[in-house]
Amino acid sequence: IDFDGYVIHVDAVPNYGTDYTKFPKGDLVLVTHEHGDHFNPQTIELISKPNNLLFMNQRSFDQMQKGMVLRNGESRKITKDISMKVLPAYNTTPDHLQFHPQGVGNGYLLNIDGLKIYIAGDTEDIPEMSALKDEKIDVAFIPVNQPYTMTVEQAIRAAWMIMPKVLIPYHFGQTDVAPIKQRLDADNSFGSII
């Protein structure tokens, strides 16, 4: 995310051929959790400005020994125009709890000069998402990747809880996300689905 030259990176990893040498250096770097498809210390070093802010969960900090730990429920004022809340990200399906235990991973709600962006992290459609409807989210990034994150049905439920103006399914690998758009497009009260 680039806001008037202030650059924010989230979960920067070199997977899928991403060449981070071509990206601008980050003023703010966020890590949702310690899994290798979300956390890579070498990439974080590569994309970081010398005096950037680096926020992560405890387990990522334990591995990197750098940055600041943020826990679910904490908030930070980043600049005069950017603030952030740390939200829970976890599994709820009984045989999937080991992937993302409650209280470990972070989701982030960024408020950038009034534009609200929700980056869910690796999570299922958790009850805490229902409070986000009052936040009037502009853009929501929702993971759809079983067994690790949401099913298509869970993503649809999450979208109805959050009601963002724009929904972007991500982290979906081989999951067909087209049904999300089809189901949500059927209701004219819903925003855009990318």
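Since this is a predicted model, take the numbers as computed values, not measurements.
With values rounded to the nearest 0.5 angstrom, Ser83 atom OG is found 8.0 Å from Leu110 atom CG. Atom CE in Met84 sits 12.0 Å away from atom NZ in Lys77 (nearest 0.5 Å). Here the CG atom belonging to Leu28 is positioned 8.5 Å from the CG atom belonging to Leu54, to the nearest 0.5 angstrom. Separation of atoms OG1 (Thr123) and CE (Met150) is listed at 5.5 Å; rounding is to 0.5 Å. Note that OG1 of Thr21 and CG of Leu46 are 6.5 Å apart. Values are rounded to the nearest 0.5 Å. Interatomic distance, Leu70 CG to Leu30 CG, rounded to the nearest 0.5 Å: 8.0 Å.
A salt bridge links Asp27 to Lys49: at least one charged side-chain nitrogen sits closer than 4.0 Å to a carboxylate oxygen. In summary, Lys133 and Glu135 do not engage in a salt bridge, as defined by a charged side-chain N under 4.0 Å from a carboxylate O. Salt bridge status for Arg157 with Glu124: absent, with no side-chain N to carboxylate O gap under 4.0 Å.
By the 6.0 Å contact criterion, NZ on Lys85 is open, its count of non-hydrogen atoms from other residues, nucleotides or ligands being 12 or less. Other residues, nucleotides and ligands place no more than 12 heavy atoms under 6.0 Å from the NZ atom of Lys136. Within a 6.0 Å radius of OH in Tyr148, other residues, nucleotides and ligands contribute 12 heavy atoms or fewer. Within a 6.0 Å radius of NZ in Lys80, no more than 12 heavy atoms belonging to other residues, nucleotides or ligands are found.
Hydrophobic clustering (ILVMFWY, side-chain heavy atoms < 4.5 Å, transitive): Val86 and Leu53 are in one cluster. Residues Val69 and Ile78 fall into different hydrophobic clusters, defined by Ile, Leu, Val, Met, Phe, Trp and Tyr side chains chained together at heavy-atom separations under 4.5 Å. Residue Val7 is not grouped with residue Val13 when hydrophobic side chains (ILVMFWY) are merged at heavy-atom distances under 4.5 angstrom, including chains of intermediate members. Note: the hydrophobic cluster containing Met129 does not contain Phe99 (ILVMFWY, side chain heavy atoms under 4.5 Å, direct or indirect links). Hydrophobic cluster membership is shared by Ile180 and Trp160, with clusters built from Ile, Leu, Val, Met, Phe, Trp and Tyr side chains linked at under 4.5 angstrom.
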_Using the rule given for side-chain contact (heavy atoms from CB on, under 4.5 Å), can you reason through Val104 versus Glu34, listing the C-alpha separation, both sets of side-chain angles and the distance that settles it, and then say yes or no?_
CA-CA 9 Å; Val104 174; Glu34 69 284 357; 4.0 Å; yes
_Applying side-chain contact (heavy atoms from CB on, under 4.5 Å) to Val139 and Ile137, what does each step give before you reach the verdict?_
CA-CA 6 Å; Val139 181; Ile137 304 295; 5.6 Å; no
*side-chain contact (heavy atoms from CB on, under 4.5 Å) between Thr175 and Gln146: does it pass, once the steps are laid out?*
CA-CA 8 Å; Thr175 304; Gln146 276 292 293; 5.6 Å; no
_Please evaluate residues Ile44 and Val31 with respect to the criterion side-chain contact (heavy atoms from CB on, under 4.5 Å), reporting the C-alpha separation (whole Å), side-chain torsions for both, the decisive distance (0.1 Å), and the verdict._
CA-CA 9 Å; Ile44 291 170; Val31 178; 3.7 Å; yes
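Between the Thr149 side chain and the Asn145 main chain, a donor and an acceptor come within less than 3.5 Å of each other. In terms of modelled atom types and a separation under 3.5 Å, the side chain of Asp138 and the main chain of Lys116 share a donor-acceptor contact. Judged purely by atom type and a 3.5 angstrom limit, Glu74 uses its side chain to pair as donor or acceptor with the backbone of Arg71.
For the pair Tyr6/Thr79, a side-chain contact is recorded, criterion being any heavy-atom separation below 4.5 Å from C-beta on. Residues Val10 and Val29 form no side-chain contact, since every pair of their non-hydrogen atoms from C-beta on lies 4.5 Å or further apart. The shortest side-chain heavy-atom distance between Met68 and Phe61 does not fall under the 4.5 Å cut-off. Annotation: side chain of Arg183 is in contact with side chain of Glu153 (closest heavy-atom distance under 4.5 Å). Two residues are said to be in side-chain contact when any heavy atoms from C-beta on lie closer than 4.5 Å; Glu45 and Met64 meet this criterion. Looking only at side-chain heavy atoms (C-beta outward), Leu87 and Tyr108 stay at 4.5 Å or farther from each other. Side-chain contact check for Phe23 versus Thr43: every heavy-atom pair is 4.5 Å or farther apart. A heavy-atom distance below 4.5 Å is not found between the side chains of Ile156 and Asp125.
For the residue pair His38/Asp11, the side-chain donor-acceptor check at 3.5 Å is satisfied. A side-chain donor from one of Asn52 and Ser48 sits under 3.5 Å from a side-chain acceptor of the other. Remark: the Asn91 side chain and the Thr93 side chain contain no N/O donor-acceptor pair separated by less than 3.5 Å. Using modelled atom types, one finds a donor on one side chain and an acceptor on the other under 3.5 Å when comparing Asp122 with His171.
Checked against Tyr90 for a side-chain hydrogen bond (donor to acceptor under 3.5 Å, both in side chains), the options His100, Glu128, His33 give a single hit: Glu128. Each of Thr32, Asn57, Asn72 was evaluated against Asn106; a single residue qualifies, Asn72, per the side-chain hydrogen bond (donor to acceptor under 3.5 Å, both in side chains) test.
Among all heavy-atom pairs drawn from Ile142 and Ala155, the shortest one is CG2-CB, 4.2 Å. For Asp62 against Gln58, the heavy-atom pair with the smallest separation is OD1-NE2, 2.7 Å. Ala120 approaches Pro143 most closely through the heavy-atom pair CB-CD, 3.7 Å. Annotation for Leu132 and Leu109: closest pair CD2-CD2, 4.2 Å, computed over non-hydrogen atoms. Between Val152 and Pro179, the shortest heavy-atom distance links the atoms CG1-CB, 4.0 Å. Shown here for Tyr118 and Ile162, the closest heavy-atom pair between the two residues is CE2-CD1, 3.6 Å.
Classified by interplanar angle (parallel below 30°, tilted 30° to 60°, perpendicular above 60°), the ring pair Tyr20/His9 is perpendicular.
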